[in-house]
There are 2 protein chains.
Amino acid sequence: MQDKITTLFKAIADPTRREIFHALVIATSALSITQISNQFEISRQGVTKHIKTLEHAGLVHIDSMGRERFCNANAKPLEEVNKWIKFYEQFWDNSLQGLGDYLDTKKA
Amino acid sequence: MQDKITTLFKAIADPTRREIFHALVIATSALSITQISNQFEISRQGVTKHIKTLEHAGLVHIDSMGRERFCNANAKPLEEVNKWIKFYEQFWDNSLQGLGDYLDTKKA
DNA sequence: CAAATAAGCAACCAAAAAGTTGCATATTAA
DNA sequence: TTAATATGCAACTTTTTGGTTGCTTATTTG
């Protein structure tokens with residue numbers, strides 16, 4: 001399909017999915033599909049689809065208990081996004097920019 | 001349309017766009033649309049569209065000089081993404097998790 | 001000025017994404 | 001064991017997205 005980080009970026013690019021993920025992160029216990037659906041305007045099937053996308057990106061882990069499927073958030077994969085971002089930090093952060101300029105000057 | 005952070009997330013969710021952005025970030029000088037196109041497989045129009053998306057997200061700034069349009073990367077908006085991510089860091093980073101547990105214990 | 005170059009605009013296309021409804025199936029409760 | 005509940009699966013619709021081609025316009029350059 002597409003590479004891992006793209007799957008991840010796409011998963012969090014959708015606002016509904018970010019909301020669902022957030023709800024799972026701050027939940028005190030795992031939430032079933034129906035429980036999640038009750039918190040959102042969209043249909044249960046819509047939620048299922050989003051959960052599948054999040055699961056595929058590694059952001060959600062599911063524990064099946066009987067007929068219920070309890071969803072847990074897993075923020076770990078976001079570490080990759082964080083790494084991606086980190087590289088560009090030096091280009092927006094002025095203090096780091098200054099550091100870069102300093103090193104350049106030193107070299108010259 | 002959609003909120004700012006979603007525009008931003010969607011802009012960086014596309015791998016081609018991330019590549020273009022990266023090329024602009026590491027470029028020693030601003031690049032024209034044609035110059036960018038030469039570095040990628042897709043058509044000039046395709047590049048133009050991506051640039052427009054990046055510009056709309058604030059990740060690219062354009063300086064028009066005569067018939068040419070020179071594109072500069074601007075990483076600053078990524079700071080917002082970084083902030084978004086930061087919140088979830090405590091849920092993946094074990095040391096911070098430990099810190100949270102510690103504070104909870106202290107409270108109790 | 002004529003030719004070449006840089007780019008925009010518009011229309012189009014195919015595939016993907018976000019969401020829906022309907023129905024089947026498994027599990028639990030009355 | 002029948003009814004209710006939780007979910008999955010499949011088909012379908014609408015919108016968005018990533019990309020294309022064709023044509024026009026503006027700016028250089030020979």
Take the protein atom CZ of A:Phe40 and the nucleotide atom P of C:dA18, then report the distance between them rounded to whole Å. 15 Å
Give me the residues of residues 13-37 of chain A where at least one heavy atom lies under 4.0 Å from an atom of DNA chain D, by number, or none. A:Ser32, A:Ile33, A:Thr34
B:Ile51 CD1 to C:dC9 C1': how many Å, rounded? 17 Å
Tell me whether the count of non-hydrogen atoms from other residues, nucleotides or ligands lying under 6.0 Å of NZ in B:Lys4 goes above 12. no
Please tabulate, one pair per line, all N/O donor-acceptor pairs under 3.5 Å involving side-chain atoms of residues 7-17 of chain A, not counting sequence neighbours.
residue	atom	partner	partner atom	Å
A:Thr7	OG1	A:Asp3	O	3.2
A:Asp14	OD2	A:Thr16	N	3.1
A:Asp14	OD2	A:Arg17	N	3.0
A:Arg17	NE	A:Ala11	O	2.9
A:Arg17	NH1	A:His50	ND1	3.2
A:Arg17	NH2	A:Lys10	O	3.0

Do side-chain atoms of A:Gln35 reach the backbone of A:Ser32 as a donor and acceptor pair under 3.5 angstrom? yes
Nearest whole Å is fine: how far is C:dA17 P from A:Phe9 CZ? 16 Å
Less than 4.0 angstrom from a charged side-chain N to a carboxylate O is my criterion; do A:Lys86 and A:Glu89 meet it? yes
Can you check nucleotides 25-30 of chain D for protein contacts, nitrogen or oxygen pairs under 3.5 Å, and list what you find?
residue	atom	partner	partner atom	Å
D:dT27	O2	B:Arg67	NH1	3.0

Could you tell me how far apart B:Glu55 (CD) and C:dA7 (C1') are, to the nearest whole angstrom? 13 Å
Decide yes or no, distance alone: a donor-acceptor N/O pair under 3.5 angstrom between the base of C:dG8 and the side-chain of B:Gln45. yes
Could you check whether B:Lys10 gets within reach of a base, just the sugar-phosphate, or nothing at all, counting any heavy atom under 4.0 Å? sugar-phosphate
What is the ring orientation for A:Phe21 with B:Trp84, classed by angle as parallel under 30°, tilted 30 to 60°, or perpendicular over 60°? tilted
Minimum side-chain heavy-atom gap A:Val60-A:Asn74 below 4.5 Å: no
Whole angstrom is fine here: how far is it from CG in B:Asp63 over to C1' in C:dA6? 16 Å
Can you see if the side chain of A:Ser43 gets near the phosphate of C:dG19 - specifically, an N or O under 4.0 Å from OP1 or OP2? no
Report yes if some heavy atom in the side chain of B:Asn72 is under 4.5 Å from a heavy atom in the side chain of B:Ile62; otherwise report no. no
Pick from A:Leu54, A:Leu24, A:Ile20, A:Ile51: which one makes a side-chain contact (heavy atoms from CB on, under 4.5 Å) with A:Leu59? A:Leu54
Any donor-acceptor pair under 3.5 Å between the side chain of B:Arg44 and the base of C:dA7? yes
Rounded to whole Å, how long is the line connecting atom NZ of B:Lys49 with atom P of C:dA10? 12 Å
Would you kindly compare A:Thr53 and B:Phe70 by the position of their nearest DNA chain C nucleotide and give the one closer to the 5′ end? B:Phe70
Should B:Thr48 be listed as having a side-chain N or O under 4.0 Å from OP1 or OP2 of C:dA7? no
Does B:Arg18 reach the side chain of A:Ile5, with side-chain heavy atoms less than 4.5 Å apart? yes
Nearest-nucleotide check on DNA chain C, A:Glu41 vs A:Gln2; residue mapping nearer the 5' end is A:Gln2
N/O (side chain, B:Lys52) to phosphate O (OP1/OP2, C:dC9) under 4.0 Å: yes
